[in-house]
Amino acid sequence: MKLVVGVSGGSGMPYAHAVLVALRDAGVDTHLVVSSGAKRVMAAEGGTPTLADLVSLAAHVHDDRDLGASVASGSFRTAGMLVIPCSAGTLAKIAHGFADTLLTRAAHVTLKERRPLVLVVREDPLPRPALVNLLAAHDAGATVMTASPGFYHAPRDVAELLHFVTVRVLDQFGLDTPGMRRWGEDGGTP
């Protein structure tokens, strides 16, 4: 399975790291694209994870400026794409077909080919333009998620909160992630 993972400049780089770890552990052939905004946010969030941490988890890494990369073409078959975290600016570009970077071009191609596109938004509060863009992305075929973990699984630490979001994101691609107590299953709350 090939999956494109875009990391944009929204706060929440630990979410990207957690998803990339789970994808690596599941044997998924990941194609990573990190925006320049994401690189700035990594530094602002204290450098954990670092760009090197994310790169080390990906099978393939593409420069966001390379609009000729494999993931920019619909003929390059993948199981879909996820953008985690998805900044408000990246959301707006994807929602309106503005494909000026490899990340936004790959998202455009994913929608064009009617493959799953999951956008994990990490922005609060949401102003009206973002709400309109969320709906536009949904209407274009994307699945819009928020990086908002649930608490019914009684998390004990931040890692378990990250795991909750990771599981929900990977569920969208039919990937099973071990270690999740699901509602009504295996001791999860009924």
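Quick caveat: nothing in here was measured; it's all calculated off a predicted structure.
- Of the candidates Val118, Leu82, Asp29, Leu82 is the only one forming a side chain to side chain contact (heavy atoms under 4.5 Å, CB included) with Leu3.
- Relative orientation of the Tyr152 and Phe164 rings is perpendicular, given thresholds of 30° and 60° on the angle between their planes.
- A pairwise comparison of heavy atoms in Met13 and Ser8 identifies CE-O, 3.2 Å as the closest pair.
- No side-chain heavy atom of Thr146 sits under 4.5 Å from any side-chain heavy atom of Val120.
- Residue Leu134 holds its CG atom at 8.5 Å from CG of Leu119, rounded to the nearest 0.5 Å.
- Within the structure, every pair that satisfies the side-chain hydrogen bond (donor to acceptor under 3.5 Å, both in side chains) test and touches residues 114-140, not counting sequence neighbours, is listed here: His96-Asn133.
- Within the model, atoms NE2 of His62 and CG of Asp64 stand 11.5 Å from one another, a figure rounded to the nearest 0.5 Å.
- Enclosure of atom CZ in Arg65 is not indicated, since only 12 or fewer non-hydrogen atoms of other residues, nucleotides or ligands lie within 6.0 angstrom.
- Under the side-chain contact (heavy atoms from CB on, under 4.5 Å) criterion, Ser73 pairs with Ser75, not counting sequence neighbours.
- In this structure, the side chains of Arg105 and Asp100 stay at 4.5 Å or more apart for every pair of heavy atoms.
- Note that NZ of Lys93 is 14.0 Å distant from NE2 of His108, once rounded to the nearest 0.5 Å.
- Rounding to the nearest 0.5 Å gives a distance of 11.0 Å between OG1 of Thr177 and CZ of Arg168.
- Between Phe76 and His31, the ring-plane angle classifies as perpendicular under the 30° and 60° cut-offs.
- Atom OG1 of Thr104 and atom CG of Leu67 lie 7.5 Å apart (nearest 0.5 Å).
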